[in-house]
Amino acid sequence: MSHHTFFQSMSRPANLVELLARAEGLAGWSLRELAEHLGVAVPENLRRDKGWIGQLLELALGASAGSKPEQDFPELGVELKTIPIDRQGKPLETTFISVAPLMGISGLRWEDSNVCNKLSCVLWIPILGERSIAPGERMIGQPLLWRPSAQEATLLRQDWEEIMELISLGQIQTINARLGQVLQLRPKAANSKALTQAIGPNGDIIMTLPRGFYLKIDFTRALLAQHFML
DNA sequence: GATTGATCATGC
DNA sequence: GCATGATCAATC
């Protein structure tokens with residue numbers, strides 16, 4: 001895809017085929033090349049711009065902006081995720097999925113959860129480049145449109161149900177990132193002073209750090225490996 | 001080197 | 001504070 005046609009197609013993708021074609025057209029570009037053609041400044045590091053790569057790809061692919069708890073392409077049923085990988089194809093970070101609800105969760109089913117919704121169909125965009133490589137020099141990899149296999153869906157559901165049961169039983173303080181086979185619960189907050197309500201051990205209300213669901217590295221590594229190395 | 005808890009920017 | 005986008009960095 002030439003740069004000219006890229007700019008002509010900067011609108012929202014009309015369908016899945018168009019979205020995939022755009023994503024594939026970005027493979028091989030450096031983030032600097034993409035940023036320059038979008039008129040976006042390139043940070044020297046990501047310390048103060050942790051979401052820069054994700055936002056750059058959102059802009060390039062025409063994802064809906066905003067802070068709604070929805071998929072990036074609701075009309076296509078697709079969630080967009082950039083994932084940093086090393087030269088072996090191994091993810092360098094866990095993958096944030098969504099904030100965990102801590103109150104009013106009785107009766108919440110997996111099928112109706114944000115985690116299930118967002119993971120039902122993900123467009124993965126691998127970003128090749130370790131921390132020692134400046135953001136602008138990192139490379140965009142081949143995209144992968146993924147839907148969980150039956151086995152993957154079972155693992156995700158089991159972890160989600162186990163974690164949510166503990167939360168509903170007032171045991172959130174006992175949960176750490178080691179719980180879960182493929183999904184983990186960790187703090188997701190502005191800082192350690194940002195607090196939100198949760199259910200306490202005695203069924204009372206306590207203040208605690210907001211938490212988020214993250215995919216563990218081994219899970220995303222296997223997911224990428226199955227597609228790219230079989 | 002991998003992991004887990006902490007943190008950064010932004011809009012509303 | 002909560003939602004989006006995540007990575008940082010102290011500790012194991």
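Each chain gets a letter, A, B and so on, in the order the sequences are listed, and its residues count up from 1.
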- request: For residues 161-175 of chain A, pull every pair meeting salt bridge (charged side-chain N to carboxylate O under 4.0 Å, His left out), keeping only residues two or more places apart or in separate chains.
  value: A/Arg157-A/Glu161
message: With a 4.5 Å cut-off on side-chain heavy atoms, are A/Leu61 and A/Pro13 touching?
response: no
message: Consider side-chain contact (heavy atoms from CB on, under 4.5 Å). Of A/Ile206, A/Leu209, A/Ile199, which one does A/Ile172 pass it with?
response: A/Ile206
- request: Give one of base, sugar-phosphate or nothing for A/Gly54, where a contact means two heavy atoms less than 4.0 Å apart.
  value: sugar-phosphate
Show me the donor-acceptor pairs, under 3.5 Å and distance only, between side chains in residues 40-54 of chain A and residues at least two apart or in other chains.
{"residue": "A/Asn45", "atom": "OD1", "partner": "A/Arg47", "partner atom": "N", "Å": "2.9"}
{"residue": "A/Trp52", "atom": "NE1", "partner": "A/Ala41", "partner atom": "O", "Å": "3.2"}

statement: Here the salt bridge (charged side-chain N to carboxylate O under 4.0 Å, His left out) pairs for residues 173-183 of chain A, sequence neighbours left out, are none
field: Stretch residues 71-102 of chain A: residues that reach within less than 4.0 Å of DNA chain C through a heavy atom
entry: A/Asp72, A/Glu79, A/Lys81, A/Thr82, A/Pro84, A/Glu93, A/Thr94, A/Phe96, A/Val99
message: Check whether A/Gln171 reaches the backbone of A/Leu166 with its side chain - one donor and one acceptor, N or O, closer than 3.5 Å.
response: no
- prompt: In a check of side-chain contact (heavy atoms from CB on, under 4.5 Å) between A/Ser64 and each of A/Glu70, A/Arg12, A/Glu58, which one passes?
  reply: A/Arg12
query: First and last nucleotide of DNA chain B touching chain A, 5' to 3', heavy-atom cut-off 4.0 Å?
result: B/dA2 to B/dG11
- request: Sequence neighbours left out, what pairs pass salt bridge (charged side-chain N to carboxylate O under 4.0 Å, His left out) with at least one residue falling in residues 84-93 of chain A?
  value: A/Glu93-A/Arg131
- prompt: What residues form a side-chain hydrogen bond (donor to acceptor under 3.5 Å, both in side chains) with A/Arg221, not counting sequence neighbours?
  reply: A/Asp218
Heavy-atom check, side chain of A/Leu185 versus side chain of A/Leu179, under 4.5 Å: no
- prompt: For residues 169-195 of chain A, which residues have at least one heavy atom under 4.0 Å from DNA chain B?
  reply: A/Asn176, A/Ala177, A/Arg178, A/Gln184, A/Arg186, A/Pro187, A/Lys188, A/Ala189, A/Ala190, A/Asn191, A/Ser192
field: Approximate separation, where rounding is to 0.5 Å, of A/Gln71 CD and A/Leu123 CG
entry: 12.0 Å
Using residues 76-84 of chain A as the side-chain source, report each donor-acceptor pair under 3.5 Å to any protein atom, sequence neighbours left out, with the distance given to one decimal.
{"residue": "A/Glu79", "atom": "OE1", "partner": "A/Asp72", "partner atom": "N", "Å": "3.4"}
{"residue": "A/Lys81", "atom": "NZ", "partner": "A/Phe96", "partner atom": "O", "Å": "2.8"}

- prompt: Heavy-atom contacts under 4.0 Å between residues 110-132 of chain A and DNA chain B, which residues?
  reply: none
- prompt: How about A/Arg211 and A/Ile163: do any of their side-chain heavy atoms sit closer than 4.5 Å?
  reply: no
Just list the side-chain donor-acceptor pairs under 3.5 Å for residues 187-194 of chain A, sequence neighbours left out, or say none.
{"residue": "A/Asn191", "atom": "OD1", "partner": "A/Lys193", "partner atom": "N", "Å": "2.8"}
{"residue": "A/Asn191", "atom": "OD1", "partner": "A/Ala194", "partner atom": "N", "Å": "3.3"}

- prompt: Any side-chain heavy atom of A/Glu137 sitting closer than 4.5 Å to one from A/Ser30?
  reply: no
field: chain A contact limits on DNA chain C, taken 5' to 3' with a cut-off of 4.0 angstrom to heavy atoms
entry: C/dG1 to C/dA9
